[in-house]
Structures are given as C-alpha cells and as structure tokens.
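Numbering of residues begins at 1 and proceeds along the displayed sequence.
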Amino acid sequence: MAVRKRMTIAEIARIAGVSPGAVSFALNDRPGVSKETRERILAVAREHNWQPSQAARALSGSRLGVVGLAVQRPARSLGSEAFFADLISGIQSGLSAVNASMLLRVVHDLDDELGAYRSWSGSHQVDGVILLDPRDDDPRLTLLEDLGLPVVLIGSTPLAPDGHTSVWIDDDQAGHELFDYLAALGHRAIAYVTGPAEFQHTRMRVSTLESLAGRGITVETFATDFAPAAAAAATRRVLSRTDRPTAIVYDNEVMAVAGMRVTQEMGIRVPGEVSVAAFDDSIISELMHPSITSLTRDTFDLGEKAATLLLAQLDSDEPLPGVRGPVPSLSVRESTARPGAGSDPSRPGPS
C-alpha cells in the first residue's frame, strides 16, 4: 500500500490562498497574520492532518533568530545605493514579525563571500541566508547546501538552480521594457555599463540588449564592479570615440549619475547628444538635472518578501515554491529623447 505524501506548507498555502510565509506564522503561532487568516490556515492544516517534520522541529528548537546577508559591492559606494538601503529595510521589516535580526557582511569577492558562509556556519551565527546576485553554476549554492544552511535567492528566474527557492524579478522583461523604449525613440547605437559579467541578471540584460542587433541596432557592453569611478571611466572611454553611442544604460542610478558627470565634463548634452537611463531608481534620479529615466521597483517589498520566504523555509524540510517579486515599471524622465532632439537639456522624449 502506498504511503500518502505528507502535506507541506506550500500545499497549505495554495489551498488557503495565502503565502508560505503566512502559513509559517500561523502554524508556529507567531504574529504577522490576521486572526481570520490564521483561523483559515489552521482549519486547512487540521483538515489535511498536517504535522511538522522532524527536521523542522529540530531546526526550530535551535533557532538563533538571525539571518545572514553578504553583499559583494565596493564598501565605499554601498551606502550611496538606495537599492540596498530599501532592500535591507524590507528584510528587517519581514524579520521583525518574529523578532529576528539580520547579520550583514560586505565582502570583497567570491572567495571572501564563501569564507563568510563557512564562518557563519562554523560558529553557528545564522539560521539561514538570503543570497544576492545569483550566477550560473553558482558555487555559493553548493557550499550552503553542504553546510546545511537554508537559503532564499533574490534572482532573475522563478526556477532557481537545484530546487532552491527564490524571490524573483523578470530581468528579461525589465531589459525589454528599457531597451525597447530606447529603440522606439530611434536609438541605433546603445551602450550598456553593467556590473560584473558573471551575475545572472547582467547576463540576462545583456542577452536582451543583444537581441536588438537583428533590428539594425549596434550594441556594446562595458562590465564594471558597480563603483561610480568605474562607471565614469567606461563612460569617458565610450564618449571619447568618433562612433559614440546615442544612448547609454547603467545598471543603477549611482553609476548613471557618475556617467552624467562625465557628459558635463566633456560638454556633451543630455539628452540632446546622448540619452541616459538606469535599471534602478531613487530620489537621486528625480532630483538630477536632467532627471534620469529609470526602472522603478518596490525594493522594500522585495526585501520583505525574501525575509518572509526564508522564515517559512526554515520551518519546511523541502524547498518552497518561488515567489514573484515586485514588477518594475519604466519612469520616463528628462534624460532620454530621440537622437539629436535638440539643445534643450530638459526636453523629454515622447511619452
């Protein structure tokens, strides 16, 4: 006789019409869900004879209430990126429902990051990890699995490698929204100043840009480490050529600001001679003159979803389904226009 498969948190969430995180809060009698939602979840659990797994029970018994986050960015420029301020605030908001906290470490490179995970595991400092900037064949996932540390990725695809759960943003769609807009304005030579080439989101955005080549559009990429100085150097190099592009896209708004400082230095009008856009948005983008066309997303919500999903994953002995993150939208501002739209630097492109 076949043994019936044990009801999982993910299945309870699907039946109750809530997130796995809400199920975790309800089943573990934690704050974070309404009385009505808690009762609905518990009713589904009773109906299907749900029982916590032995692995989850053992884990919860030794819970530290700490989640780890390692960030591979230049330490000097990290504080200037609104993305990380919003992401960290969102993560802490998601953890606060169970009075948990976050351990943050800024790392220099991949080896440094792997060392951080070994250290956290060896000294039992964290319950699990939120992982940023996934790579293809990511060695961090292999290590975290070997260390037995639960992980939630913030990534670009709903299907995370090796069954790991993720909060994902469709970077292919985001790339099309931004690059297709520039193509529709008439730009036929576009440069993209990226972060590290090995990051999955960089590869997906580059692939999207390269797909425009079939439409007679020249594309070129310049990989950096996200530092403003590196973005400025790449901008200076590409704008010093006789065949310079008519549009430049940056991976974040801080890099875009650094690039626009170069255009001022070189006396190149934005957007009259070159349009500028960015994949991240913040108040800086709005306050710049000209203001910067950017992809806007709710990064606070992204962090909150990742924290809630990781808390749910800690109470489950199998990978939970991925959760779609906030959908970015294009905020068209003054820094983009048709090629050669005129000398007025505040003249926007068509809406």
Are any side-chain N or O atoms of [X] and backbone N or O atoms of [Y], one a donor and one an acceptor, separated by less than 3.5 Å?
X	Y	answer
D146	L143	no
Q313	L320	yes
S335	T293	yes
D298	P326	no
S240	R236	yes
T202	E198	no
D86	F300	no
N252	M255	yes
R338	G272	no
T165	V152	no

With a sphere of 6.0 Å drawn around CZ of R261, does it hold more than 12 non-hydrogen atoms of other residues, nucleotides or ligands?
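Atom CZ in R261 is not packed in, count stays at 12 or less.
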What is the minimum heavy-atom distance between [X] and [Y], and which atoms define it?
X	Y	answer
P228	A258	O-CB, 3.4 Å
L310	G128	CD2-C, 4.0 Å
L311	G94	CD1-O, 3.7 Å
A256	V276	CB-CG1, 4.2 Å
S211	H176	OG-CE1, 3.9 Å
E334	S291	OE1-N, 3.0 Å

Mind jotting down which residue pairs meet the salt bridge (Lys or Arg N to Asp or Glu O under 4.0 Å) criterion with at least one end in residues 213-225? Sequence neighbours excluded, please.
D180-R215, E220-R241
How many angstroms lie between [atom1] in [X] and [atom2] in [Y], if you round to the nearest 0.5 Å?
X	Y	atom1	atom2	value
L302	I169	CG	CD1	4.5 Å
D280	S294	CG	OG	8.0 Å
I248	M260	CD1	CE	10.5 Å
T296	F279	OG1	CZ	12.5 Å
L95	D127	CG	CG	10.0 Å
L144	R118	CG	CZ	10.0 Å

How about [X] and [Y]: do any of their side-chain heavy atoms sit closer than 4.5 Å?
X	Y	value
D281	R333	yes
L87	I154	yes
L309	K305	no
S101	V66	yes
T218	D243	no
Y181	T336	yes
P245	V238	yes
L110	R140	yes

Row check, Y192 ring normal vs R205 NZ/CZ: under 6.0 Å, within 45°:
no
Is [Y] reachable from [X] through a run of I, L, V, M, F, W or Y residues, each pair having side-chain heavy atoms under 4.5 Å apart?
X	Y	value
I41	V44	yes
W168	M204	no
V167	V23	yes
F84	V107	no
L295	V327	no

side-chain contact (heavy atoms from CB on, under 4.5 Å) assessment of E145 paired with V151
CA-CA 8 Å; E145 188 169 348; V151 59; over 6 Å; no
By the definition side chain to side chain donor-acceptor pair (under 3.5 Å), identify the one residue from T235, T194, T224 that meets it with Y250.
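It is T235, the one option of T235, T194, T224 that forms the side chain to side chain donor-acceptor pair (under 3.5 Å) with Y250.
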My understanding is that only one of L153, L69, L149 makes a side chain to side chain contact (heavy atoms under 4.5 Å, CB included) with L131; could you say which?
L153
Audit row: R244, I268, side-chain contact (heavy atoms from CB on, under 4.5 Å) steps and yes/no:
CA-CA 11 Å; R244 65 193 186 200; I268 297 173; 3.4 Å; yes
By ring-ring contact (aromatic ring centres under 6.0 Å, His included), Y117 pairs with (sequence neighbours left out) W120
Can you see whether T246 engages H187 through a side-chain donor-acceptor pair at a distance of less than 3.5 angstrom?
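Side chains of T246 and H187: pair found under 3.5 Å.
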Under 3.5 Å side-chain donor-acceptor pair for E253 and S282:
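Checked: E253/S282 side chains pair up, N/O donor to acceptor below 3.5 Å.
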Taking only residues at least two apart or on different chains, which pairs with a member in residues 221-245 satisfy ring pair (Phe, Tyr, Trp, His ring centres under 6.0 Å)?
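Sorted pair list comes back empty.
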Between D133 and R73 (salt bridge meaning N to carboxylate O under 4.0 Å), is one present in this structure?
yes
Is there a side-chain contact (heavy atoms from CB on, under 4.5 Å) between D112 and Q72 once you walk through the steps?
CA-CA 9 Å; D112 194 16; Q72 186 181 324; over 6 Å; no
Could you work out, with side chain to side chain contact (heavy atoms under 4.5 Å, CB included) as the rule, every residue matching L42, not counting sequence neighbours?
L27, R38, R46
Apply salt bridge (Lys or Arg N to Asp or Glu O under 4.0 Å) to R203 and list each qualifying residue two or more places apart in sequence or on a separate chain.
D136
Could you go through the side-chain contact (heavy atoms from CB on, under 4.5 Å) check for V71 and I88 one step at a time?
CA-CA 11 Å; V71 178; I88 290 169; 5.6 Å; no
Quick one: list whatever passes side chain to side chain donor-acceptor pair (under 3.5 Å) with S93, sequence neighbours left out.
E304
